[in-house]
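Accompanying notes for the structure given below.
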Amino acid sequence: MSLPYLNQIVCGDSALLLREFPSNSVDLVITSPPYYKQRDYGGGIGNEATPHAYLEVLLHIFGECVRVTKPTGSLVFNLGDKYEESSLLLMPYRFAIAATERFPVKLVNAVTWVKSNPTPRQFQRRLVSSTEPFFHFVKSDQYKYFPESFLADDEPADQEIDSSHRNIGRRYFSLIERSELTEQQKAIARAALEAVIEEVRSGAIQGFRMKIRGIHSEPFGGQEGGRKIQLERNGFTIIRIHGNRLKRDVITAPVESVKGNPHPAIYPVKIVEQFIRLLTQPEDVVLDPFAGSGSTALAALKTGRHFICIDINEAYCAYARERLQNFTFTRNLFELHSESI
Ligand SMILES: C[S@@+](CC[C@H](N)C(=O)[O-])C[C@H]1O[C@@H](n2cnc3c(N)ncnc32)[C@H](O)[C@@H]1O
């Protein structure tokens, strides 16, 4: 199937250009549309008179995105919120609810982007907003999914995992001593702890957590019922973590500032890269209908995927093309250099 504008930054209105695309033709739509009444990008959507009017134009383009996405594909939309008269409008969630009500999509996750460097503003009577959702929608349960590639090189999650294994589980020994367990139970708990630490060191398991009666909260029942019995009978229970670490619906990344970038609201290439790895394979096609400075195109190039990027603002399109050229130039230079040494 031939796709228009493959590996191009196209200047135009997505509401019109998307009509040229065949149905079921792209693998991933990932984008950050203009937020409601946040900025003036010199045209396009975002400054409609009411939240309702904004949602209508955004949902129209979302509907086209759903149409062009393959049944095995995904759509990831990042949206920010807006205060009006000191009250949060909850625009991202209004959008997500309307999207699932109006179109044949399921909402798989609302992944939270935690901004490690939020705008340092002090408000008298509210806290600084430092998160934004990335909504992951799918058209069918057969969507492509590669969790082993997601956050593969990220910080360890909140588990008893320590790659050096030097300090693994050590803190539990002092918790056992402080606990209300009998001396005999403490001796058994220490032995069980030594054994599970050895399992981690030998690579048999990825990690573990220990719960000790009187120290940690008790499981409620249901699937946790067995653990509750162990806690009552032995005074402790050990949860073994097999395979990969937990893949949580949170990504921490700074708000990017790229030197010379004229765009006022870019999203982190790192986050886009993670979604591309999670939801597509090399050579798949990634579409961004609100491409701005071309962060999606850059992430696609870095991960070996094709891209189609549309933005209504000619200056942003020109900058995005320049950004890609610089990246390709530097990469080619690097490859040339590596080959010659
Ligand atoms: C939040 S910005 C996207 C920023 C981008 N993710 C980046 O990292 O640079 C939204 C973009 O949507 C564009 N836009 C607004 N309405 C549009 C429309 N109808 N068709 C295409 N682009 C549009 C704006 O020009 C703006 O650059």
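Counting starts at 1 for both ligands and their atoms, in listed order.
Ranking protein heavy atoms by distance to atom 16 (N) of ligand 1, first place goes to Ile45 N, 3.0 Å. With respect to atom 10 (C) of ligand 1, the closest heavy atom belonging to the protein is Ser32 O, 3.5 Å. Here the protein heavy atom with the shortest distance to atom 12 (O) of ligand 1 is Phe290 CB, 3.4 Å. The shortest contact between atom 2 (S) of ligand 1 and any protein heavy atom is with His263 CE1, 3.4 Å. Closest protein heavy atom to atom 20 (N) of ligand 1: Ser14 N, 2.9 Å. What sits closest to atom 4 (C) of ligand 1 on the protein, heavy atoms only, is Ala265 O, 3.3 Å.
Ala320 does not count as a contact of ligand 1, since none of its heavy atoms falls under 4.0 Å from the ligand. Ligand 1 lies within reach of Gly12, whose nearest heavy atom is under 4.0 Å from it. The closest approach between Pro289 and ligand 1 falls below 4.0 Å for a heavy atom of the residue.
Aromatic pair Tyr172/Phe236: ring centres not closer than 6.0 Å. The aromatic ring centroids of Phe95 and Phe77 lie less than 6.0 Å from each other.
Which of Asp311, Val272, Leu16 comes nearest to atom 13 (C) of ligand 1 through a heavy atom is settled by distance: it is Asp311.
No side-chain donor from either of His136 and Asn109 sits under 3.5 Å from a side-chain acceptor of the other. With 3.5 Å as the limit, one finds a donor-acceptor pair spanning the side chains of Arg323 and Ser293. Judged purely by distance below 3.5 Å, without hydrogens or angles, the side chains of Gln281 and Lys144 pair a donor atom with an acceptor atom.
Within the listing of ligand 1, atoms 18 (C), 19 (N), 20 (N) sit less than 4.0 angstrom from a heavy atom of Asp13. Close approach of ligand 1 to Ile266 (heavy-atom distance below 4.0 Å) involves ligand atoms 7 (C), 8 (O), 9 (O). Each of the atoms 7 (C), 8 (O), 9 (O) of ligand 1 lies under 4.0 Å from some heavy atom of Ser295. Below 4.0 Å from some heavy atom of Pro34 lie the following atoms of ligand 1, by number and element: 10 (C), 12 (O), 15 (C).
For ligand 1, the polar-atom distance check against Ile312 finds a nitrogen or oxygen pair separated by under 3.5 Å. Of the N or O atoms in Ser293, one or more lie within a sub-3.5 Å distance of an N or O in ligand 1. Considering backbone and side-chain N/O atoms, Asn313 never comes within less than 3.5 Å of an N/O atom of ligand 1. Between Tyr267 and ligand 1, at least one pair of N/O atoms sits closer than 3.5 Å. For the pair Asp288 and ligand 1, the shortest N or O to N or O distance does not fall below 3.5 Å.
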After noting the C-alpha distance and the side-chain angles of Glu232 and Arg213, does the key distance pass the salt bridge (Lys or Arg N to Asp or Glu O under 4.0 Å) rule?
-> CA-CA 7 Å; Glu232 276 161 14; Arg213 192 173 61 223; over 6 Å; no
Pair Asp141-Lys106, salt bridge (Lys or Arg N to Asp or Glu O under 4.0 Å): steps then yes or no | CA-CA 9 Å; Asp141 292 332; Lys106 294 182 180 182; 2.9 Å; yes
Test ring pair (Phe, Tyr, Trp, His ring centres under 6.0 Å) applied to Tyr267 and Phe290, step by step = CA-CA 11 Å; Tyr267 64 6; Phe290 301 103; over 10 Å; no
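Checked by atom type and distance alone, the side chain of Asp27 pairs as donor or acceptor with a backbone atom of Val285 at under 3.5 Å.
Only the backbone of Ala291 comes within 4.0 Å of ligand 1, judged by heavy-atom distances. By the criterion of a heavy-atom distance under 4.0 Å, the side chain of Tyr316, and not its backbone, is placed next to ligand 1.
For Asn24 against Thr69, the heavy-atom pair with the smallest separation is OD1-O, 3.3 Å.
Considering Phe103, Phe62, Tyr143 as possible partners of Phe137, the one that fulfils the ring-ring contact (aromatic ring centres under 6.0 Å, His included) test is Phe62.
In the hydrophobic cluster analysis, where Ile, Leu, Val, Met, Phe, Trp and Tyr join through side-chain heavy atoms closer than 4.5 angstrom, Val272 is grouped together with Leu28. A chain of hydrophobic side-chain contacts below 4.5 Å, direct or via other Ile, Leu, Val, Met, Phe, Trp or Tyr residues, connects Tyr83 to Leu55.
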